[in-house]
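Structure, as structure tokens:
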Amino acid sequence: MSSYLELFCGVIALLIVFYYYWVSHYDFWRKRGVFGPRPHPIFGNLLSLTLARIGITEVVMDLYKRYKHEPVVGLFEGISPILVIHDPDLIKTVLIRDFSFFQDRPHTVHERTEPMSLNLFQLDPVRWRALRPKLTPMFTSGKLRDMFALMVECSKCLEGYLNSAVSIGEPVEIRELTAKYTTDVIGTCAFGINMNAINEENNEFRQMGKRIFDGTTEHTLRLKTRLLWPKFYDLLGFVMPERTVAPFFTKLVMNTIKYRREHGIYRPDCINMLMEFKKHPEQIKGIELTDTLLTAQAFAFFAAGFETSGTSMTWALYELAQNHDIQDKVHKEIKAYHDKYGDTFTVESLNEMKYLDKVFKETLRKFPAGAILQRRTTREYTFDTLKFSLPKLVHIWIPVIALHRNPEIYPDPEKFDPERFSEEQVATRNPMHYLPFGDGPRNCIGSRFANLQAKLGLIKILRNHKVDVCEETRIPHEFDIGAFLLQPKGGVYLKMTKLK
């Protein structure tokens, strides 16, 4: 009997030790004088987020409201501390002034389990510093002009598709429409392939795009495992590697490179740049240019390029359908453009459409692609104004959507108002209060490309069509909490009619 009692007491003692081991970590922010919600033992502050009961938007918006006068807020993911930064000067410190201390992102590369995680967005600072300068030339003004001509060809297919789709008279699912258009643009600009997603119902490339971003059960399980047990996730690579996306893109990229070399084909796109890397690997020092690493860069261009721009176009049309006065101004500007240039599109002439630019910027204010920007300390850092230090590997969150919807910065933030981006109003705001593409050295490398393809697509849709809400339109909208980006739940259905 005594042996059972001793065993019981031993188990209780171990549980107590285990409990206090976890709880002891929760002094991290208190010792530094940082306010924040009280963490739950073991799970910290993000249990509901981890279990997908709420989305990241709700988390950061709630924090911003509860601690709006605090420059920073302390959270815990399990026992790992997260610093949420509200103050714009501190945000600038992290993104720009002292970038070298925060140049990492907490998106760990899992090369064996998830080979496409070797992309520029997720790479560690060493490989990122070596690769980023070599990829940047792809988005110079000259290269963008070359790719813009390819975008125009894709936009003509979009225009033709709309003419037949609208004639049916049924509501159009806008998110699928815009995703197909941007898939075609990325296909031709990145891979030199006519993907024809706009005209094929079950297009292979569009289906692959859905697998990347839609919240399937497998996708969700992988995401949660990656976040909660990253070391275990690495081990899964030996038995359960990602078997669909990585093989598809590796075969696509390597076969395209081989075909072009054999036939002497040149195109101003991502594949050509990867071919140059393979031809002259000595230009990128300090990293091994494996086929997987190269493919991952093309994959990132595809994934980020079609989804972010397509979703932004969707939100823009969703707002224009509810604000006909703004839509009328866009129609007027598009007509003036065509009266001046006809069907000729150039990067320079597109930039003359100032009101459309305001509409797109306001869309990205209200619906940024990601709710937060994330960074991670690469070494110990002391904030001068806060008088405390952070050790290496502490996560940083910058709550973009909360900044964009702060009523003290953007009055009546739920209102869609493009005039917020008049020169006069922009001059009154801190630049760190508008971060749809991030800022600093590790900002979005393809932001100019994204702007061009989205604006061109909107012009083609709105030139001859009017968008309205219908019975299937969800008002107010809901975000898909299982999605990686800020996507509309259940799609966006709008009525489209031909302009007279």
Side-chain angles (χ1 to χ4, degrees), residues 141 144-167 172 174 177-178 181-182 184-185 189 198 309-367 415-427 434 436 447-469 492 494-500:
S141 297
L144 284 173
R145 289 190 189 95
D146 290 339
M147 289 190 286
F148 188 71
L150 302 175
M151 293 183 198
V152 172
E153 292 303 311
C154 292
S155 72
K156 292 177 182 177
C157 294
L158 170 63
E159 202 169 26
Y161 174 82
L162 277 175
N163 290 333
S164 59
V166 171
S167 63
V172 176
I174 299 297
L177 171 70
T178 57
Y181 158 69
T182 52
D184 282 347
V185 171
C189 291
I198 198 75
S309 294
T311 302
S312 296
M313 289 174 63
T314 299
W315 288 124
L317 293 167
Y318 174 79
E319 289 292 342
L320 291 174
Q322 298 174 73
N323 297 276
H324 286 185
D325 55 332
I326 297 174
Q327 187 178 167
D328 290 343
K329 291 180 182 179
V330 174
H331 281 140
K332 184 177 180 181
E333 185 175 62
I334 292 174
K335 184 179 185 305
Y337 178 95
H338 280 277
D339 288 344
K340 183 177 180 179
Y341 294 106
D343 289 327
T344 302
F345 287 93
T346 65
V347 173
E348 292 75 17
S349 63
L350 195 70
N351 288 335
E352 293 180 19
M353 303 187 71
K354 302 300 183 183
Y355 192 73
L356 179 64
D357 184 61
K358 292 178 185 177
V359 167
F360 192 62
K361 287 177 177 176
E362 173 67 349
T363 301
L364 294 178
R365 176 201 67 83
K366 193 172 180 182
F367 306 101
K415 180 182 178 182
F416 189 80
D417 181 12
E419 292 306 322
R420 299 183 201 273
F421 291 91
S422 65
E423 291 184 7
E424 297 76 16
Q425 289 205 37
V426 170
Y434 185 68
S447 58
R448 293 171 66 196
F449 180 95
N451 271 284
L452 287 173
Q453 73 165 336
K455 289 178 182 178
L456 181 61
L458 289 172
I459 290 170
K460 289 294 186 177
I461 291 172
L462 294 169
R463 180 188 177 187
N464 296 312
H465 300 94
K466 178 182 179 182
V467 290
D468 287 290
V469 298
V492 172
L494 297 176
K495 178 184 177 182
M496 300 187 70
T497 53
K498 193 88 169 178
L499 287 174
K500 298 179 180 180

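The structure presented is a predicted model; accordingly, all values stated were derived computationally and were not measured. Numbers for residues simply follow the sequence, beginning at 1.
In this structure, the separation between CD1 on I461 and CG on L177 is 5.0 Å, given to the nearest 0.5 Å. To the nearest 0.5 Å, atom CG of residue L452 and atom OG of residue S447 are 9.5 Å apart. Rounding to the nearest 0.5 Å places CZ of R448 at 5.0 Å from CG of L144. Expressed to the nearest 0.5 Å, how far NZ of K466 lies from CE of M496 amounts to 12.5 Å. To the nearest 0.5 angstrom, Q453 atom CD is 10.0 Å from M147 atom CE. We find the CD1-CD distance between I326 and E319 to be 8.0 Å, quoted to the nearest 0.5 Å.
Counting non-hydrogen atoms of neighbouring residues, nucleotides and ligands closer than 6.0 angstrom, the CD atom of E348 exceeds 12 such neighbours.
Across G457 and L158, no two heavy atoms sit closer than the pair O-CD2, 3.9 Å. The shortest non-hydrogen separation linking Y355 to P418 is OH-CG, 3.7 Å. Closest heavy-atom contact between Q327 and L320: NE2-O, 3.0 Å. Closest approach of M151 and C189 over heavy atoms only: CG-SG, 4.2 Å.
Counting heavy atoms from C-beta outward, V185 and F449 have side chains that approach closer than 4.5 Å. Side-chain contact between L350 and F148: present, with at least one pair of heavy atoms (C-beta onward) separated by less than 4.5 Å. At a threshold of 4.5 Å between non-hydrogen side-chain atoms, the residues L364 and Y434 count as touching. Under the 4.5 Å side-chain criterion, counting only non-hydrogen atoms from C-beta, F345 is in contact with K460.
Judged purely by atom type and a 3.5 angstrom limit, D357 has no side-chain atom pairing as donor or acceptor with the backbone of M353. Under the 3.5 Å distance criterion, the side-chain polar atoms of Y337 are left unmatched by any main-chain donor or acceptor of I459. The closest donor-acceptor contact from the side chain of E333 to the backbone of L356 lies under 3.5 Å. The backbone N or O of I198 sits less than 3.5 Å from a side-chain atom of D184, completing a donor-acceptor pair. The backbone N or O of E419 sits less than 3.5 Å from a side-chain atom of D417, completing a donor-acceptor pair.
The side chain to side chain donor-acceptor pair (under 3.5 Å) test applied to K415 returns no partner, not counting sequence neighbours. For D328, the side chain to side chain contact (heavy atoms under 4.5 Å, CB included) test picks out H331, with sequence neighbours left out.
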From CA spacing to verdict: side chain to side chain donor-acceptor pair (under 3.5 Å), S312, T363: CA-CA 7 Å; S312 296; T363 301; over 6 Å; no
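There is no side-chain donor-acceptor pair under 3.5 Å between N351 and K455.
Between R463 and D343 a salt bridge is recorded (basic side-chain N to carboxylate O distance below 4.0 Å). A salt bridge links K335 to D339: at least one charged side-chain nitrogen sits closer than 4.0 Å to a carboxylate oxygen. Using a 4.0 Å cut-off between charged side-chain N and carboxylate O, K156 and E159 make no salt bridge.
Note on ring orientation: taking the six-membered ring where Trp is involved, the planes of W315 and F367 are parallel (angle under 30°, cut-offs 30° and 60°).
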